Amino acid sequence: MSTDLRVRLKDVELANPVLAAAGCAGTGRELAQFFDLAGIGALITKSVTVEPRAGHPAPRIAETPSGMLSATGLQGPGIEVFLQRDLPWLLSRGARVGVSLAGGGAAEYGELARRLSEASGVSFVEVNLSCPNPSDQGRHFTDDPREAARVVHAVRSHTRSDIPVFAKLAADVPDPVELAEACAQARADGLSLINTVRGMAIDPRTLRPAVAGGMGGVSGPAIRPIAVGCVHRVHAALPELPIIGGGGVRTGGDVLEFLAAGASAVAVGTVTFHDPSACVRIVRELEEALAEHGVDRVRDVVGAAHRPLGAAAGAGPLPRG
Amino acid sequence: MSTDLRVRLKDVELANPVLAAAGCAGTGRELAQFFDLAGIGALITKSVTVEPRAGHPAPRIAETPSGMLSATGLQGPGIEVFLQRDLPWLLSRGARVGVSLAGGGAAEYGELARRLSEASGVSFVEVNLSCPNPSDQGRHFTDDPREAARVVHAVRSHTRSDIPVFAKLAADVPDPVELAEACAQARADGLSLINTVRGMAIDPRTLRPAVAGGMGGVSGPAIRPIAVGCVHRVHAALPELPIIGGGGVRTGGDVLEFLAAGASAVAVGTVTFHDPSACVRIVRELEEALAEHGVDRVRDVVGAAHRPLGAAAGAGPLPRG
Amino acid sequence: MSDFGPLQMRCPVLTVRRVDAYYAITVVAPGIAERFRAGQFVAAAVGGEQSSMLLRRPFAVHDVKPDYGGTVEFLFSVRGAGTAWLAERRSRDLLDLVGPLGRPFPLPRDPVNCVLVGGGSGSAPLFPLAHALRRRGCRVDAVFGGASADRVFSAITARRIAETATFTTDDGSFGVRGPVTAPLGRVIEEARSDVVYACGPMPMLREATAVAAEHGIPIQVAVEETMACGTGVCMACVVPVAGEDGITRMVRACVDGPVFRGERVRFDDVGTIPFDALGAPGWKPAADTAAVDPADREAG
Amino acid sequence: MSDFGPLQMRCPVLTVRRVDAYYAITVVAPGIAERFRAGQFVAAAVGGEQSSMLLRRPFAVHDVKPDYGGTVEFLFSVRGAGTAWLAERRSRDLLDLVGPLGRPFPLPRDPVNCVLVGGGSGSAPLFPLAHALRRRGCRVDAVFGGASADRVFSAITARRIAETATFTTDDGSFGVRGPVTAPLGRVIEEARSDVVYACGPMPMLREATAVAAEHGIPIQVAVEETMACGTGVCMACVVPVAGEDGITRMVRACVDGPVFRGERVRFDDVGTIPFDALGAPGWKPAADTAAVDPADREAG
Ligand SMILES: Cc1cc2nc3c(=O)[nH]c(=O)nc-3n(C[C@H](O)[C@H](O)[C@H](O)COP(=O)(O)OP(=O)(O)OC[C@H]3O[C@@H](n4cnc5c(N)ncnc54)[C@H](O)[C@@H]3O)c2cc1C
Ligand SMILES: Cc1cc2nc3c(=O)[nH]c(=O)nc-3n(C[C@H](O)[C@H](O)[C@H](O)COP(=O)(O)OP(=O)(O)OC[C@H]3O[C@@H](n4cnc5c(N)ncnc54)[C@H](O)[C@@H]3O)c2cc1C
Ligand SMILES: Cc1cc2nc3c(=O)[nH]c(=O)nc-3n(C[C@H](O)[C@H](O)[C@H](O)COP(=O)(O)O)c2cc1C
Ligand SMILES: Cc1cc2nc3c(=O)[nH]c(=O)nc-3n(C[C@H](O)[C@H](O)[C@H](O)COP(=O)(O)O)c2cc1C
Ligand code: FES
Ligand code: FES
């Protein structure tokens, strides 16, 4: 098949729109046992912190209907080891790398971006504004658009201008558009929608929270309609801003849903836990789905759901039924 | 089994904590073909509006992983027919009835409450502050705590003082506690958590939104962890305020989760579409689950997840594993 | 609860067979078989206990038999994940069904001439209807269509039951090329039909209704609208239908239908809320408007 | 990709048998069987294509055989919905497996005396280990326990493989009443054991480690911690383990384990982040602290 799968995230071109989501692809070494990392659009790293972090105690996860709840607490080796060990390894394998950053405040995010800018080979930066795990039961940066803007501004200021900065937002806010606008004003080059959604599971045997931290983040197919809705609303309001969509992507058809809603690329997270080669399978399925729709450039599908019926590229959408 | 299943919602005692959720039990006649309505804690009506409403065009629903997306648009006959036809029928069958109200603003809600107070036999009122269907793609009353408080105040002022008023909130807000506090200050007697969560599905064939309205509400087991988390957070902050929990309840074990998180009663919605006799099955399963835990009064389980391990009633929680 | 209403049962599967482009599944479901009347459907849970597919799938009942206390058969084509799962059932598996659901086809009191029009799997409910009509001494003529030969339903059975059987396909691979409604007028005239019964996609039903109107005879149509519950509680499956009082209401295909009088269905407005529908935006009640169709008053 | 790493396969089921309180399932999985070494596990997808259960279930491999190109057997008890679904599999169904996963038991270079300690289904991985040890000329003694007689794993096989086999049950219904670790010290003395291999619940592993320490011999333990992926990407399954450099790190049971040297596992701190663990809140790095265990450096 000769479908053109290339997508652009601002100035960066990726071979295809399927990305491995932050925190769901390990260091890359684990998944490289199952597929060639150069075969996916990019791998987004687990959010990198300034210092090493031990994360939350176990149990850290619980299964929920069509999803899971997790509270890993951003366990990681810190930026120094990341730059010395993990990033070079990924680049040596030909992977395109998006680096996710997580800090305790705007200053720390700025510091992370500064350290990162010393390295070469990074395709884009993702600012994790929305990880619901850390300390404070529930609240996070994106709960306040001004705070989110300060963080984005700090990262943008310390990042090389040719590396796009994506702000990753939560969906459990009343108005993702307001938040997106605040980030855009702080010069975010794009948005990443969505992170996990705050939730809790209770162990039916102990009647106590199933993950040690109490609250956790819900991910997986369960949250897909929430994510698609969020992408659709934000793209309608800010059509020029590239979006990395994601949340519950399981198949190539799901990627199509996100692209149609307005995403330029799509991150695959939790489903990789179920199917370690999910990312490459999804690239294949996407290619097939596009062929069925008679579309030969994946970019033409971006935002299709916002256009009147029949206005899509190629032979157009399949007739219903 | 001699488990005491009675629960209290403020001054009202219900035979058990399993309620049929608003909009998921029709007029009651449909489910009465499958079970005796007097056998469940209460039936909450579809939200009643002042005028008849035709609702949204079809397709109104789409299946999503472990859930569904719906945008029915509050179709209903209006309060007059409700009071003349539907309410008397429910009462004649021995059902306890919670009446859900939906209006276009505080004045309309007040008007509904006033009309309702002419009828007798209503066990409680639920104020639907959070239905994401109507008109304005996305925003609803609970997006602004002050607006929510105004509506609650209007309903409370026009409702007989012995009938408790529950404010039904959305979960896709950054801080349900803030909202809950605003409702409590407006003299809500309790809270109902949660309504559907905003979302969208895209038809893979047409690449257009799968439900006619575009955005819809996600319900079903998929949203259960979001709902449990919300109940837990609100109960921790406002332990005196009774909560009707709900969102994705499928089994008696799920009811136990909500009770442990802090709910005094639990509403069963979407699962009734799958299993028309779900409510009575769940009462039975709950009774069995309580017996396994050696608990003989369901009330003793309320809030168990907030107490240190081993502090529960009866023989206490089952050991893990 | 009721002796006439629908039942929910876990039904042992007897057989799953391929029939052209369809699968035929037969399950043991005594109560459902007993209560069933032609035009009614069953709603199947799919995917097993821990399925991520929450909504029941509606299927018209194609046949009921007294074997094993009562069996129910329906036919389906694989469309998505739910029907794919159904096609993989084997005998002795259990299938969770609710049924019979919906209002059946009304049967004429007298032995009149009936023509049955079915498109694709829409022909399924017309078979038990044909038997019921024949039992009342009615003449039955059949006009069945499909996209291709393997999508025309049980042609042999149709030929056996009906006085005349006419077949059409979109691709001309069997019978007459063209829509199933094309030969309908001719059949009505030749058979001197008194009433039309139709089941299939909305555009076909609209067309059939137009043909019946041209010939001045009544038509009963069984509609298909996306359903979530099948039992009337979710309000998913609404269709704009005019009542006896002339007022259009959004009624539920699953419990108020699926069978309606053709001329009552506002086919051109399917997928919309007609401006004059009761409760439409901007709609104002006339003094004497009833929120429910007067004909439905006794339903409570 | 790699010739040694884990594979993902859809494996035809050969048989599902009841064995006391357990089910034994055998599937055709050539590549997995070939790569397998004792102590490794497989991760099974449960519930079928449209399952609401997203997480794989880990199971220790109990046996591999060369039949049909290579078969894999594991044993399980029904705990929840996932294992209930597994128990319903029939031959010719397909099971989606990833494996072999995890680090195997290290085998001694010399023919030393080994004692194997297993609790409940934790005994499963000790059977292929026993065979491997016997092939190297090691003496093998077994101490297997369970809650009751039907939960003591394959007593007959244990007797056949091991020089001596000791059994314990919590209720005394078989063998000695009491924990499996109670007779361990005596067995070590009588068999002059040089090394202990243990698998089972954390408290049992802690106790076995204490007994081994008392007798001054090394112990290898295979731990069970809640897992989500089994492949090392989700960080669910962490256990506090001290490295060669003495520094405690939160390591993944699925890829850094499940086999660890017993004395390295901080059993008393399982379910917590020990205050001195690398990256714990308030933790400050010493100048020479490596973020990864020096022994693991080559892993990259
Ligand atoms: C009253 C009635 C009777 C029917 N009788 C038959 C029959 O006898 N034989 C047959 O092959 N088909 C019949 N259908 C259509 C059948 O219900 C759908 O083909 C089936 O639900 C598709 O399920 P799926 O999981 O394979 O498809 P998916 O597209 O994956 O289903 C997704 C969702 O959409 C709904 N859906 C999809 N297509 C339809 C449709 N055409 N009508 C209603 N809901 C739909 C499903 O129920 C499900 O909730 C009937 C539909 C109705 C309303
Ligand atoms: C390395 C390893 C090897 C194992 N080997 C065996 C074996 O050989 N035989 C056997 O019977 N069991 C074994 N287990 C335990 C087995 O994985 C669980 O019993 C099984 O996952 C339960 O699934 P369920 O859906 O029935 O239970 P549920 O309680 O419904 O499962 C819910 C979730 O919790 C997880 N979970 C529940 N119990 C455990 C557990 N004990 N360990 C890890 N995750 C768990 C499940 O994977 C799932 O994600 C092993 C566990 C591990 C970590
Ligand atoms: C175990 C786990 C760890 C995660 N870690 C991170 C992280 O470090 N940084 C981040 O931005 N998102 C993280 N996420 C969120 C995912 O990147 C993704 O946004 C989310 O899970 C929704 O997508 P999914 O449903 O495909 O998993 C994590 C998710 C999971 C389940
Ligand atoms: C089709 C449908 C209609 C609903 N109608 C109402 C309504 O009229 N008023 C209301 O407060 N909630 C309504 N709800 C929300 C439910 O009462 C319930 O809060 C929500 O669906 C979550 O619970 P569940 O997952 O058990 O369905 C509706 C939900 C669905 C799916
Ligand atoms: S399908 Fe639910 S009301 Fe008709
Ligand atoms: S189970 Fe995912 S890292 Fe171990």
Side-chain angles (χ1 to χ4, degrees), chain B residues 20 23-37 46 49 51-68 70 72-78 80-82 84-86 88-89 135 204 210-212 219-222 250 270-277, chain C residues 1-2 4-8 43 45-46 50-57 80-82 96 98 101 225-240 248-250 252-255 269-281 283-285 289-292 297 299-300:
Chain B
C24 301
T27 62
R29 290 177 185 79
E30 299 84 357
L31 295 186
Q33 297 182 296
F34 295 96
F35 64 88
D36 178 4
L37 299 180
K46 176 140 199 76
T49 53
E51 297 291 343
R53 281 176 62 101
H56 285 322
R60 289 175 165 185
I61 58 112
E63 194 173 58
T64 64
S66 292
M68 69 182 276
S70 65
T72 51
L74 295 178
Q75 176 173 353
E80 198 168 315
V81 173
F82 171 75
Q84 274 173 27
R85 185 191 63 179
D86 297 340
W89 186 89
S135 51
V211 302
S219 62
R250 191 173 72 83
T270 303
V271 164
T272 290
F273 303 164
H274 177 84
D275 174 4
S277 45
Chain C
M1 294 295 298
S2 133
F4 304 99
L7 299 174
Q8 179 174 11
V46 290
Q50 303 295 322
S51 174
S52 67
M53 298 183 285
L54 210 62
L55 305 182
R56 283 183 182 263
R57 272 50 175 171
D96 178 345
V98 174
L101 294 165
E225 183 52 76
T226 311
M227 292 185 180
C229 70
T231 54
V233 285
C234 79
M235 306 300 283
C237 60
V238 292
V239 186
T248 295
R249 295 177 183 77
M250 300 306 296
R252 295 161 298 182
C254 66
V255 290
D269 299 314
V270 164
T272 73
I273 304 290
F275 75 97
D276 58 345
L278 188 141
W283 174 89
K284 278 278 158 278
T289 303
V292 277
R297 268 292 164 85

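Computed from a predicted structure; not experimentally measured. Note: hydrogens, waters and symmetry copies are ignored here, and every other heavy atom, side chains too, is used.
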For [X] versus [Y], what's the shortest heavy-atom pair and its separation?
X        : Y       : value
C/Val238 : B/His56 : CG2-O, 4.4 Å
C/Gly271 : B/Pro57 : O-CB, 3.3 Å
C/Leu278 : B/Pro52 : CD2-CB, 3.6 Å
B/Phe34  : C/Leu7  : CE2-C, 4.2 Å
C/Met250 : B/Ala54 : CG-O, 3.6 Å
B/Gln33  : C/Gly5  : NE2-CA, 3.8 Å

Which value, rounded to the nearest 0.5 Å, describes the distance between [X] atom [atom1] and [Y] atom [atom2]?
X        : Y        : atom1 : atom2 : answer
C/Arg56  : B/Asp275 : CZ    : CG    : 6.5 Å
C/Thr231 : B/Glu30  : OG1   : CD    : 7.5 Å
B/His274 : C/Met53  : NE2   : CE    : 10.5 Å
C/Met235 : B/Phe273 : CE    : CZ    : 10.5 Å

Check whether [X] gets within reach of chain C through its side chain, its backbone, both or neither, counting any heavy atom under 4.5 Å.
X       : answer
B/Asp86 : neither
B/Ala25 : backbone
B/Thr64 : backbone

Quiz item: Okay, side chain of B/Glu63, backbone of C/Leu55: is any donor-acceptor separation there less than 3.5 Å?
Solution: yes

Self-check item: Option in B/Gly67, B/Ala222, B/Gly220, B/Gly23 with maximal non-hydrogen atom pairs under 4.5 Å from chain C
Solution: B/Gly67

Quiz prompt | Residues C/Glu225 and B/Arg60 bridged, charged N to O under 4.0 Å | solution = no

